[in-house]
2 protein chains.
Amino acid sequence: MARIRAVDRRLFLLIEIAARRLSRDADQRLRAEAGVSASQAAVLFLLLRRGERRMGAIGDVLALGAPAVTGLVSRMEEAGLVTRRRDARDRRGALVALSEAGRRAAERADTVLRAFNAELDERLGDEAADTLYDALTRLASDASDPVG
Amino acid sequence: MARIRAVDRRLFLLIEIAARRLSRDADQRLRAEAGVSASQAAVLFLLLRRGERRMGAIGDVLALGAPAVTGLVSRMEEAGLVTRRRDARDRRGALVALSEAGRRAAERADTVLRAFNAELDERLGDEAADTLYDALTRLASDASDPVG
DNA sequence: CCCGATTCCTTCGGGTGTGAAAGAGTTTTC
DNA sequence: GAAAACTCTTTCACACCCGAAGGAATCGGG
């Protein structure tokens, strides 16, 4: 606690520190138990729930810039987790879809992250977890795009 | 909102998304108005408040691994923001201190981040900001090190 | 129809993070 | 006091993110 207070009252710095700790932990578990990174897991979940998506749509949901999505999807394609093909209707676009291996990895990752999230909820308590969730949702929705 | 809900109920993914948006925003402002990155600003604040620190201590406070601190401090040293010297009492250690330019940059960065944080507080409201702050502090304190 | 503007993705250069391993210095153990 | 164990930092290889710039496809006004 004392350590955290050191650079505190800078909500933004605190979020960075918390995110770093959690990401490192989650990433280790995901790699060990599902064979994917945390960033890759996020893409897998999106594709699992919503089906085939374009690069730009992935970036919109995950708040990633276009170059980040290109790199992430390329590595996942090499790993055999997703397939990438031209969008026939708009040949500028690239459609990303889960491979069968990707679907299996997504389900394993889902189990891991479900457990991880349950631990967080327990550490925080239901009420604080809900408040945190709402506050982050508001922060995550772009301030310059109130429609979200 | 709808976009966020898409990959949601994974508190950890939500924190990553929120942290990414805020970091990008804060980083741009800090670079424009103080000439430093967000990561560098965090180190500057620490040194400004607590004075000369060792590499390991910086990593502890900011939740960074040793290699990350080495790289960050090296770039800051090249930029003239900090000085690095051997610890005379324990020659394994390296002591990092603010340079005069670093002190000025730290103060400019402080102004920027104070304004940024005030905006966040305003967007969230006082009560939610306090709750968020407490919840993140608990998450940021290492679960495997309850003493914090 | 065609040229300019726009959109979508990729490439490029660079900052920031990780785990693993190595090097240097200190402490402990015998 | 020397060897072993430990601590602190650095180096290495790589993942991941950004802004800026470039190339391909579409769209829109003339």
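A, B, ... follow the sequence lines: proteins, then strands. Residue 1 opens every chain.
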Peer 1: Give a yes or no on whether a salt bridge exists between B:Asp25 and B:Arg21, defined as a side-chain N under 4.0 angstrom from a carboxylate O.
Peer 2: no

Peer 1: Indicate, with a heavy-atom threshold strictly under 4.0 Å, whether A:Arg86 touches base, sugar-phosphate, or nothing.
Peer 2: nothing

Peer 1: If the threshold is 4.0 Å, N to carboxylate O, is there a salt bridge linking B:Arg114 and B:Asp110?
Peer 2: yes

Peer 1: Between B:Leu11 and A:Leu124, is any pair of side-chain heavy atoms under 4.5 Å apart?
Peer 2: yes

Peer 1: Contact list please: residues 101-109 of chain B against DNA chain D, heavy atoms, distance less than 4.0 Å, in numerical order.
Peer 2: none

Peer 1: Is it the case that more than 12 heavy atoms not belonging to A:Glu122 sit under 6.0 Å from its CD atom?
Peer 2: no

Peer 1: Could you list all the ring pair (Phe, Tyr, Trp, His ring centres under 6.0 Å) pairs where at least one residue sits in residues 49-96 of chain A, not counting sequence neighbours?
Peer 2: none

Peer 1: Please tabulate the protein-to-nucleotide N/O contacts below 3.5 Å involving nucleotides 13-20 of chain D, giving atom names and distances.
Peer 2:
from   : atom 1 : to      : atom 2 : distance (Å)
D:dC16 : OP1    : A:Ser37 : OG     : 2.5
D:dC16 : OP2    : A:Arg75 : NE     : 2.6
D:dC16 : OP2    : A:Arg75 : NH2    : 3.1
D:dC17 : OP1    : A:Ser39 : OG     : 3.2
D:dC17 : OP1    : B:Arg20 : NH1    : 3.0
D:dC18 : OP1    : B:Arg24 : NH1    : 2.2
D:dC18 : OP2    : A:Gly65 : N      : 2.9
D:dG19 : OP1    : B:Gln28 : NE2    : 2.6

Peer 1: Under 4.5 Å between any side-chain heavy atoms of A:Gln40 and A:Leu81, yes or no?
Peer 2: yes

Peer 1: If you draw the axis of the six-membered ring of A:Phe116, does the NZ or CZ of A:Arg29 fall within 45° of it and under 6.0 Å from the ring centre?
Peer 2: no

Peer 1: Do you know which of B:Glu78, B:Glu77, B:Glu52 makes salt bridge (Lys or Arg N to Asp or Glu O under 4.0 Å) with B:Arg84?
Peer 2: B:Glu77

Peer 1: So does A:Asp87 pair up with A:Arg91, basic N to acidic O under 4.0 Å?
Peer 2: no

Peer 1: Are any protein N/O atoms closer than 3.5 Å to N/O atoms in nucleotides 26-29 of chain D? If there are, list each pair with its distance.
Peer 2:
from   : atom 1 : to      : atom 2 : distance (Å)
D:dT26 : OP1    : A:Arg91 : N      : 3.3

Peer 1: Would you give me the side-chain donor-acceptor pairs under 3.5 Å for residues 63-71 of chain B, sequence neighbours excluded?
Peer 2:
from    : atom 1 : to      : atom 2 : distance (Å)
B:Thr70 : OG1    : B:Ala66 : O      : 3.2

Peer 1: Students should find this one: the first and last nucleotides of DNA chain C, 5' to 3', lying under 4.0 Å from a heavy atom of chain B. What are they?
Peer 2: C:dG15 to C:dT26

Peer 1: Decide, yes or no, whether a salt bridge links B:Glu107 with B:Arg104 under the criterion of side-chain N to carboxylate O below 4.0 Å.
Peer 2: no

Peer 1: Would you find more than 12 non-hydrogen atoms of other residues, nucleotides or ligands less than 6.0 Å from B:Arg24 atom CZ?
Peer 2: yes

